[in-house]
Amino acid sequence: MNIKKELEIKLGMANGIYLNDIEIDPLTINAIMINEVVPSDPLEDFYGTPDADYLKTTIPLLQGAGAEVTSIQDILQMGVYITNAVKTSKTEYAIEKSSIENSLPYLEAEISLFPNIKVIMLMGDVAKKAFNMITKKATKKNAVPAVSTYKLRNSEIYYNGIRVMPSYIMTGGNILIEKSKVTMATEDIATMLEIIK
């Protein structure tokens, strides 16, 4: 199945919305990692060029967690699908709530494409906020408590039988500066890999 085509069939084409144009067997995916926002250049996204900026930080995180991966194909073959919560690139430093809301139907439909999901990782506050907006619409409450991520890391949160793991952003230059967040994200990814084994 082609993710982009499938989502466009469900929701139509939207101006400025960037969707993952990849072929994938949805039954092979056991975990979804939701990053914050698409990059301004789609070639730097997870499914862009082999040396895309987003992979330069993501692959080392997965390797640090014990995964033997060197490419996005390796990650997919492990049963892990990566996407962005916000499907439009950001124009300001902060991501507007409206940008999250505009992308939400696509993210929600995208998650629903994968019937065998055991874990959803929320990589950063924007991903956490977007996922809570989805769950609030369905259940009238947030799946993830509005508490600092480091306080949530050791709690087991479930939504519809799926383990939801809030963690830290996995892309961008800043990740390399904050070593403690790199360590915690790596530990969280290792936990996710253990669950989907």
Side-chain angles (χ1 to χ4, degrees), residues 1-55 57-59 69 71-92 94-139 143-144 159-162 164 169-172 192 196:
M1 153 174 86
N2 182 288
I3 301 292
K4 181 176 193 236
K5 286 190 182 117
E6 202 64 31
L7 294 175
E8 286 177 347
I9 289 166
K10 286 183 179 221
L11 298 162
M13 292 171 81
N15 200 13
I17 294 279
Y18 178 77
L19 302 170
N20 296 327
D21 191 4
I22 58 159
E23 290 291 329
I24 192 168
D25 176 356
L27 301 178
T28 63
I29 300 300
N30 301 117
I32 299 176
M33 296 176 80
I34 304 174
N35 184 51
E36 296 203 326
V37 61
V38 298
S40 52
D41 178 357
L43 292 176
E44 300 302 335
D45 201 11
F46 301 104
Y47 306 97
T49 60
D51 65 341
D53 281 351
Y54 274 18
L55 291 175
T57 52
T58 302
I59 288 172
V69 294
S71 70
I72 191 66
Q73 285 309 317
D74 291 347
I75 296 168
L76 289 168
Q77 283 169 357
M78 227 174 38
V80 178
Y81 174 72
I82 306 177
T83 193
N84 296 294
V86 178
K87 312 290 187 191
T88 53
S89 55
K90 61 182 182 178
T91 50
E92 319 260 327
I95 295 168
E96 297 291 318
K97 187 178 180 195
S98 62
S99 295
I100 300 174
E101 290 168 342
N102 293 342
S103 297
L104 222 49
Y106 291 92
L107 179 62
E108 189 172 7
E110 191 173 21
I111 293 169
S112 76
L113 296 176
F114 302 101
N116 298 328
I117 293 300
K118 294 178 186 167
V119 181
I120 294 176
M121 290 198 76
L122 307 173
M123 307 307 288
D125 289 341
V126 172
K128 190 163 79 172
K129 191 181 289 183
F131 190 75
N132 271 341
M133 287 163 88
I134 290 170
T135 61
K136 199 167 190 169
K137 193 174 80 172
T139 65
V144 182
Y159 177 74
N160 289 345
I162 298 168
V164 179
I169 190 154
M170 60 185 184
T171 55
M192 175 267 288
I196 68 166

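One-based numbering along the sequence shown.
Without hydrogens or angle criteria, Asp41 side chain to Leu43 main chain gives a donor-acceptor distance under 3.5 Å.
With contacts defined as side-chain heavy-atom distances shorter than 4.5 Å, the pair Asn30/Val119 does not qualify. A 4.5 Å side-chain heavy-atom check between Ile169 and Met123 finds every atom pair outside the cut-off. Considering only heavy atoms from C-beta on, Ile29 comes within 4.5 Å of Ile24 through its side chain. Asn132 places none of its side-chain heavy atoms less than 4.5 Å from the side chain of Leu122. Contact check for Ser112 versus Lys10: side-chain heavy atoms found under the 4.5 Å cut-off.
Other residues, nucleotides and ligands contribute only 12 or fewer heavy atoms inside 6.0 Å of the NZ atom of Lys136.
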**Request:** List the steps, then state whether side chain to side chain contact (heavy atoms under 4.5 Å, CB included) holds for Ile120 with Tyr159.
**Result:** CA-CA 9 Å; Ile120 294 176; Tyr159 177 74; over 6 Å; no

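Taken from CD1 in Ile3 to CE in Met1, the straight-line distance is 4.0 Å, to the nearest 0.5 Å. Between the CG atom in Leu55 and the CD atom in Glu44 there is a gap of 9.5 Å [rounded to 0.5 Å]. Of the inter-residue distances, the one linking Glu36 atom CD with Met170 atom CE reads 10.0 Å to the nearest 0.5 angstrom. Here Leu113 contributes atom CG and Leu7 contributes atom CG; the two are 5.0 Å apart, rounded to the nearest 0.5 Å. Summarising the geometry, atom CZ belonging to Phe131 is positioned 6.5 Å from atom CD1 belonging to Ile34; distances are rounded to the nearest 0.5 Å. Atoms CG and CG, on Asp25 and Leu27 in that order, are 4.5 Å from each other to the nearest 0.5 Å.
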Just distance, no hydrogens or angles: give the donor-acceptor pairs under 3.5 Å from side chains in residues 73-84, sequence neighbours left out.
| unit_1 | atom_1 | unit_2 | atom_2 | d |
| --- | --- | --- | --- | --- |
| Asp74 | OD2 | Thr70 | N | 2.8 |
| Asp74 | OD2 | Thr70 | OG1 | 3.0 |
| Asp74 | OD2 | Ser71 | N | 3.4 |
| Tyr81 | OH | Asn20 | ND2 | 2.8 |
| Tyr81 | OH | Glu110 | OE2 | 2.5 |
| Thr83 | OG1 | Asn20 | ND2 | 3.3 |
| Thr83 | OG1 | Lys87 | NZ | 2.9 |
| Thr83 | OG1 | Glu110 | OE1 | 3.0 |
| Thr83 | OG1 | Glu110 | OE2 | 2.8 |
| Asn84 | OD1 | Asn35 | ND2 | 2.9 |
| Asn84 | ND2 | Asp45 | OD1 | 3.2 |
| Asn84 | ND2 | Asp45 | OD2 | 3.3 |

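Residues Ala130 and Ala85 come closest through the heavy atom pair CB-CB, 3.9 Å. Of all the heavy atoms in Met133 and Ile100, the pair that sits closest is SD-CG2, 3.6 Å.
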